[in-house]
Amino acid sequence: MADGSSFYVTTPIFYVNDVPHIGHAYTEVATDVLARWHRQAGDDTWMLTGTDEHGQKILRTATANGVTPQEWADRLVSSAWLPLLQTVNIANDDFIRTTEPRHEENVQRFLQKLYDDGHIYTGEYEGHYCVGCEEYKQDADLVPGTGEYAGQEVCAIHSKPVELLQEKNYFFRMSAFTQRLLTLYEERPDFVQPESARNEVVSFVRQGLDDLSISRSTFDWGVKVPWDDSHVVYVWFDALLNYITAVGYGVDEEEFARRWPAHHIVGKDILRFHAVIWPAMLMAAGLDVPRGVFGHGWLLVGGEKMSKSKLTGIMPEHITDTFGSDAFRYYFLSAISFGSDGSFSWEDLSARYHAELANGFGNLASRIITMIERYCDGSVPSVAVLTDADAAISALEKTVTDASWQAINRCAIHEAIAAVWELVNALNGYLTTEQPWMLAKNPENRARLETVLAVAYHGLGTLAVLLSPILPTAAAKLWSALGAAGLVQEQRIDRAYQWSVGTRVAQLAGLFPRIEAVE
RNA sequence: GGGGCGGUAGCUCAGCUGGUUAGAGCAGCGGACUCAUAAUCCGCCGGUCACGGGUUCGAACCCCGUCCGCCCUACCA
């Protein structure tokens, strides 16, 4: 059960130069559902998201567009990234930008401490640098170029030439933490989830870690290295620190102690930064490592991974404009086992929308509310004598409440939804079996009719509470149609079946109307 | 080269440390019902569990090998 303890959960901060696609929205939605669920269970919850705004790529794009990098970042944050949160209905508690003083100042504070404590040294680095990747590439990462770059070695990811750079760099002695990291993975098997992601990380660290170059002097769009302002901090080193600068690191010890450590939800492509580099940085600074790092899978479109660099992404609005934000949230979290890759297709989305949301849940709500209006004049009925069938519904309400909460505690979002859906299906079956419309034809069956409708009504309310994190809009509409008091998101989800019934139902517009033509 | 993950009904996927006739959802087919968003409920159809060996009383699950897909990592150059 929830005990009011701290639950701090983060998304990665997104690189503002990218265009938001459904992969970004997927990460946001998954994290938001975990946060909403914990919040609704009474945990001291905090959800953080934000944007990563430094680095050479942004500087170059801004210059090409004739504006300062700060102006460029401002523009993208307001035109693309904040709207994304609205599009998929994210209830984040904070939004951090790496260009904010609260971040930059404390990145410097963190770095200075590592420097003072001997974790940083001066070195020389030479290598092939890919501007697109913001990192030096190994030879193996290079492939022969084609087309206009024929004859040159190009980055395998961006298919653009790399640059041979040599610079004085400051290095973080990450190699010194190899053993401590392995011990961490050993002692806390769930530190990296899922299992497949953990295996990758462990085998990587077992090969031994190199020290990490953490500064750049070839451009200046970044956080200044405090003891050498001719260098700026490497963008990843800078970015990772958002997780602590956003909750008071260095300035508000009370807040920091209350929130940290966090659960990090990330795409598996950036797992290593979060499961290796980041804990090593924290160890060096004498801070707690995260509670856990969960690497979710990729969305596959036509069997291929969506790529942020190659713009094969689908915009979230394409989906929400037709199906709504609730459907977006439901679809990606129920259809994909959280942690695995998942296939997206319009056909599958449409099929699941109609089968599960429209015909399953939406229609269930509609038939129950309508019958109470028609047979009870809208007045919420109460139970008389309970049959086994009635008791089975009540028992199931508790079962799925417990099962879904347990699943959420394992980050098994899809399992939580599947558990709740057992109640949706059971209630549809219950109505078919009990046939309240038949009972209504004979006044002698009045008590039984009211009992059946009361049981169904109660189950529907439990669904509203349980589905609130996933379908916040629909759940709120349903809650109000049920005539229940307060806001649905304020109802304790870990005991959803104990909600307080209302006295009168109100008309309910279709929660998930059928959608006839899909592009 | 080393390593990881995966290859299960038309589609998307479950199948924990091996144990009776391999499961679900969707799609398809048939029936019941009418409160409801032409919705719901029931039943049926449907698989040589990538392939070849092996271990075992018994393997989708363990071992060896092969093929295919994706990913991580190295190196020769």
Side-chain angles (χ1 to χ4, degrees), chain A residues 137-142 144 153 156-157 192 194-210 267-273 275-276 295 297-300 302-307 331-332 334-376 389 410 412 414-415 417-419 421-422 424-441 449 452-453 456-457 460 474 481 505 507-516:
Chain A
K137 310 302 288 188
Q138 302 302 309
D139 290 346
D141 297 325
L142 303 177
E153 292 288 297
I157 296 172
V192 184
E195 190 75 25
S196 54
R198 176 176 183 275
N199 292 341
E200 291 282 350
V201 168
V202 170
S203 69
F204 173 73
V205 176
R206 278 211 182 111
Q207 296 167 27
L209 296 174
D210 292 330
K268 66 182 182 183
D269 50 328
I270 54 172
L271 188 68
R272 195 183 304 159
F273 293 98
V276 180
W298 288 324
L299 302 182
L300 307 177
E304 281 192 6
K305 175 198 167 203
M306 289 210 330
S307 162
Y331 172 70
F332 286 104
S334 66
I336 300 171
S337 176
F338 194 52
S340 304
D341 292 350
S343 311
F344 166 83
S345 72
W346 288 98
E347 293 74 18
D348 189 43
L349 166 62
S350 179
R352 288 178 186 273
Y353 174 87
H354 287 103
E356 296 165 24
L357 291 176
N359 302 347
F361 175 56
N363 182 51
L364 173 69
S366 175
R367 60 199 303 212
I368 293 172
I369 297 290
T370 301
M371 283 191 279
I372 292 174
E373 286 181 321
R374 181 173 303 180
Y375 303 140
C376 306
R410 300 195 316 273
H414 58 294
E415 286 183 34
I417 296 174
W421 231 256
E422 287 180 33
V424 172
N425 294 326
L427 284 168
N428 269 321
Y430 173 79
L431 290 177
T432 300
T433 305
E434 300 303 321
Q435 306 182 84
W437 51 91
M438 289 297 287
L439 297 171
K441 290 177 179 170
L449 169 65
V452 169
L453 291 179
Y457 170 89
L460 191 55
V505 299
Q507 213 166 22
L508 178 65
L511 292 176
F512 298 99
R514 294 185 64 81
I515 292 157
E516 297 312 330

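Both backbone and side-chain heavy atoms feed into the values below; hydrogens, waters and symmetry mates do not. Since we're looking at a predicted model, the values are computed, not measured. The chains referred to below are lettered A, B, ... by the order of the sequence lines, with proteins before strands, and numbering in each begins at 1.
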B:U8 versus B:G52 - spacing of their P atoms, nearest Å: 15 Å
Sugar-phosphate, base or nothing in reach of A:Leu511, heavy atoms under 4.0 Å: base
Nucleotide nearest A:Glu200 when distance is taken to its side chain, options B:A14, B:C72, B:U12: B:C72
Selection from B:A14, B:U73, B:U12 that lies nearest to any side-chain heavy atom of A:Ser340: B:A14
Sugar-phosphate only, base, or nothing, as touched by A:Phe512 at under 4.0 Å among non-hydrogen atoms: base
Closest to the A:Ser203 side chain, choosing from B:C35, B:U34, B:G3: B:G3
Interatomic distance where CH2 belongs to A:Trp298 and C1' belongs to B:C5 [whole Å]: 11 Å
Atom C1', compared across B:G23 and B:C61: separation rounded to whole Å: 15 Å
P gap between B:G6 and B:C63, integer Å: 13 Å
Distance below 4.0 Å between A:Asn199 side-chain N/O and B:C5 OP1 or OP2: yes
Inter-nucleotide C1' distance (B:G53, B:C41), Å rounded: 49 Å
5' precedence on RNA chain B between A:Gly362 and A:Thr433 (nearest-nucleotide basis): A:Gly362
Distance in angstrom units between A:Asp341 CG and B:C70 P, rounded: 12 Å
OP1 or OP2 of B:A39 under 4.0 Å from side-chain N/O of A:Arg514: yes
Distance, rounded to the nearest Å, where A:Arg367 contributes CZ and B:U37 contributes P: 11 Å
Parallel, tilted or perpendicular: rings of A:Phe344 and A:Tyr331 (30°, 60°): perpendicular
Side-chain donor/acceptor of A:Asn363 to base of B:A39, under 3.5 Å: no
Phosphate OP1/OP2 of B:A36: any A:Arg374 side-chain N/O under 4.0 Å: yes
Nearest-Å distance for atom pair CG/P, residues A:Leu271 and B:C70: 21 Å
Among A:Leu508, A:Leu431, A:Leu453, A:Asn428, side-chain contact (heavy atoms from CB on, under 4.5 Å) partner for A:Ile368: A:Leu431
Atom C1', compared across B:U66 and B:C29: separation rounded to whole Å: 40 Å
Whole-Å gap separating C1' (B:C11) and CH2 (A:Trp346): 19 Å
5' precedence on RNA chain B between A:Gly342 and A:Gly429 (nearest-nucleotide basis): A:Gly342
Nucleotide B:C41, atom C1' - distance to CG of A:Leu427 in whole Å: 14 Å
Whole-Å P distance, B:G1 and B:C76: 16 Å
For B:G69, the Watson-Crick or wobble counterpart (both distances under 3.5 Å): B:C5
SB check A:Glu200 A:Lys268 (cutoff 4.0 Å): no
Rounded distance (Å) that lies between atom C1' of B:C41 and atom CE of A:Met438: 15 Å
Closest listed nucleotide, where the reference is the side chain of A:Trp437 and the choices are B:U12, B:U37, B:C35: B:C35
Side-chain N,O (A:Ser343) to OP1/OP2 (B:C13) below 4.0 Å: yes
Rounded distance (Å) that lies between atom C1' of B:A36 and atom CG of A:Leu357: 16 Å
Sugar-phosphate only, base, or nothing, as touched by A:Asp348 at under 4.0 Å among non-hydrogen atoms: nothing
Shortest side-chain distance from A:Phe204, nucleotide among B:C26, B:U73, B:U40: B:U73
